[in-house]
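All values below come from the heavy atoms of this structure, side chains included, with hydrogens, waters and symmetry mates left out. Residue numbering restarts at 1 for every chain, and letters A, B, ... go by the order of the sequence lines.
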Amino acid sequence: MLEVIQVTRCFGRRTALEEVSFQAARGDIVGVLGPNGAGKTTLLRLMACYLQPTAGAIRLNGMDSFQQSLEFRRHTGYLPERCPLYDEMTVGEYLYYRARLKGVSLLKARRQVRELVEQLNLGEVRGRLIGALSLGVRRRTGLADALLRDPRLLLLDDPISNVDAAECERMAACVTRAARHAAVLVSGHALAQLGALCTRFLVLRAGRVAATGTRDELQAAAGGASLEAQLADLVAGRASPSGAKEGA
Amino acid sequence: MRSVAHLIAWRDLRAALTGVSGYVLLAGFLALTGWTFAGLLHRNEGGFAPASAIWGLAVAPWLPVLAAAATMRLFAEERQTGTMELLLTAPVRPYDVVLGKFAAALALVCGGILLALIQARVLRHVAPRMDGGFSSAGLLAASGMLFLQAAAWTAVGTLAALLARQQGIAALLTLLGIGAPYALRAAVAAWAPGMRHGLWHWPPLEDVTNAATGLFSLAPPVLYVSMAWCALFLCVRLLEARDLRTR
């Protein structure tokens, strides 16, 4: 169980996130929606222990992200927005290196890398240098890295932007499979990107939670209006988050 | 070395030697030390200084430059490509990251010293006239002192690389960090009459000469090891200060 409790993050005088609270359980795939600058990446970086909250706490199965950072990170898989990878390594070498870095034993690392390469259809490019790969394949490699060590919390920052439909489908299947034993958070700009994949949504606007709930809850809150239009209004600040749980 | 630090060191060293930059660096270092060695030998022709001490004197001034070049990319490149985010969100301790990166850069710098040593051994065979002053013990002792200096300069470089966002700034900070204490010492000496003769004197050179000629003192090794230890400790503390990650 992931608990985000009244988390605030400031950068100097600017508040990027303000009193954000929500929970996610194993099996949940939470879509974090919002426009650019809403705080999605900051929220995911806080949960990945890359940043420290200015106030509040983040807990995963009772482990605090700050007090027990190392243990927390052992159970977290993270794919950053820019999908940074080591260009001079081949896909296979990179995944094996990352598995070992995450503390996976020698034999288990080989097995896990082999399984993930198969699941994400990376077999053909396994021996190729990462620097020569297309963005889609890089993202799949990044996703494979995030899935190493069977994380209990999987954080994917805008994983499907600039990725074609077939790639999206393949990645979605992997994420759904990973959600059997993990809480998954996927960030994106619009419901159309994440609608089919996510079981719940968290809408951020200017660093605050504008709405949260399942698709049905958000649909009920939208009344007769289209959910996409309602979410677009929420994100743009043209609608109040009545009905859906605000900052829950 | 811990296995995680070992993994990080292996990746960093591999990255340095995958392209041509690592080899260019080592070749440049060899060219400079060879040129300085030849010049110093020529100047000391008929003198009493043993060739092993002259070799040490030829290598020591270029070590800070090699350390600065080897360390400047350690963190700057990871920041630029974003892989720093991946590294710091993996379950690794800050001291594993610092130790791994330091070890990779130190291996490169020590590789440079070893190549210079091989170069000297080759010269000894090519020019047997030098044999008199070229004792193996002297060379080994000078190398030992150079390795200690390499550890200290590389640790200072690692700290500079962590502080600076750009590689050029990191290299400049390293050279300043190494030179500043000695510049300060020279500035103080300039005000003290009777000490002015030592104004242009750089103690690390003297340490190498002393070691090569069999004059051993505990002070230089303690100084270099303490310097390396302090710089690496600062690196770990800085990396633990999370706000550095957002820079």
Side-chain angles (χ1 to χ4, degrees), chain A residues 9-12 14 16 41-42 44-54 65-66 68-90 93-94 96-106 109 129-131 142 145-146 148-149 151 153 155 157, chain B residues 1-24 73-101 103-104 108 162 165 236-247:
Chain A
R9 172 68 203 199
C10 302
F11 294 100
R14 191 175 69 84
T41 295
T42 303
L44 264 66
R45 281 179 164 179
L46 285 164
M47 286 187 280
C49 300
Y50 185 63
L51 297 174
Q52 184 190 329
T54 308
S65 69
F66 180 57
Q68 293 149 292
S69 172
L70 193 70
E71 197 55 26
F72 193 102
R73 279 179 282 155
R74 274 204 184 103
H75 297 284
T76 306
Y78 176 48
L79 171 64
E81 188 178 11
R82 285 166 56 197
C83 194
L85 305 169
Y86 295 114
D87 288 352
E88 77 281 356
M89 289 176 135
T90 65
E93 283 169 351
Y94 173 76
Y96 184 71
Y97 163 71
R98 291 287 298 175
R100 298 287 291 133
L101 202 66
K102 290 179 180 186
V104 181
S105 69
L106 207 72
L129 286 177
I130 288 172
D145 171 14
L148 284 166
R149 215 180 190 271
L153 172 64
L155 306 164
D157 195 354
Chain B
M1 193 191 295
R2 291 175 48 83
S3 66
V4 173
H6 176 262
L7 274 168
I8 294 169
W10 169 80
R11 196 218 68 83
D12 268 49
L13 191 61
R14 209 188 105 121
L17 296 175
T18 298
V20 289
S21 61
Y23 298 103
V24 168
R73 65 201 294 277
L74 288 180
F75 291 99
E77 207 169 72
E78 297 243 30
R79 279 206 191 98
Q80 275 162 13
T81 55
T83 47
M84 189 80 166
E85 195 173 346
L86 273 183
L87 187 62
L88 296 181
T89 53
V92 294
R93 292 180 172 88
Y95 67 75
D96 282 325
V97 175
V98 170
L99 197 61
K101 290 197 167 284
L108 202 64
L162 190 58
R165 278 193 75 86
V236 173
R237 299 303 300 168
L238 275 171
L239 208 57
E240 278 172 349
R242 308 290 176 89
D243 281 344
L244 191 82
R245 296 171 184 199
T246 57
R247 291 179 64 221

Residue pair [X] / [Y]: nearest heavy atoms and the distance that separates them:
X: B/Leu87; Y: A/Leu101; answer: CD1-CD2, 4.0 Å
X: A/Pro84; Y: B/Gly82; answer: CG-O, 3.2 Å
X: A/Tyr50; Y: B/Met84; answer: CE1-O, 4.3 Å
X: B/Ala90; Y: A/Arg73; answer: O-NH1, 2.9 Å

Between CD of B/Glu85 and CG of A/Leu51, what distance do you get to the nearest 0.5 Å?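 CG of A/Leu51 is found 8.0 Å from CD of B/Glu85.
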Please identify, among A/Gly77, A/Ala146, A/Ala48, the residue contributing the most non-hydrogen atom pairs under 4.5 Å to chain B.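 When all of A/Gly77, A/Ala146, A/Ala48 are compared, A/Ala48 has the most.
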Find the one option among A/Lys102, A/Arg82, A/Arg100 whose heavy-atom pairs under 4.5 Å with chain B are most numerous.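 Result: the option with the highest number of such pairs is A/Arg82.
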Contact origin within B/Glu77 toward chain A - heavy atom pairs under 4.5 Å: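 Neither part.
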Using non-hydrogen atoms only, which part of [X] is less than 4.5 Å away from chain B: side chain, backbone, both, or neither?
X: A/Tyr86; result: both
X: A/Asp145; result: side chain
X: A/Tyr94; result: side chain
X: A/Glu81; result: neither
X: A/Arg149; result: neither

Mind checking what makes salt bridge (charged side-chain N to carboxylate O under 4.0 Å, His left out) contact with A/Asp157, not counting sequence neighbours?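 Partners of A/Asp157 by the salt bridge (charged side-chain N to carboxylate O under 4.0 Å, His left out) criterion come out as none, since no residue qualifies.
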Which of these, B/Thr89, B/Thr83, B/Leu86, sits in a side chain to side chain contact (heavy atoms under 4.5 Å, CB included) with A/Pro80?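 With A/Pro80 as partner, B/Thr89, B/Thr83, B/Leu86 yield a single side chain to side chain contact (heavy atoms under 4.5 Å, CB included), made by B/Leu86.
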Check this for me: does any side-chain nitrogen of one of B/Arg11 and A/Glu88 sit under 4.0 Å from a carboxylate oxygen of the other?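 Salt bridge: yes.
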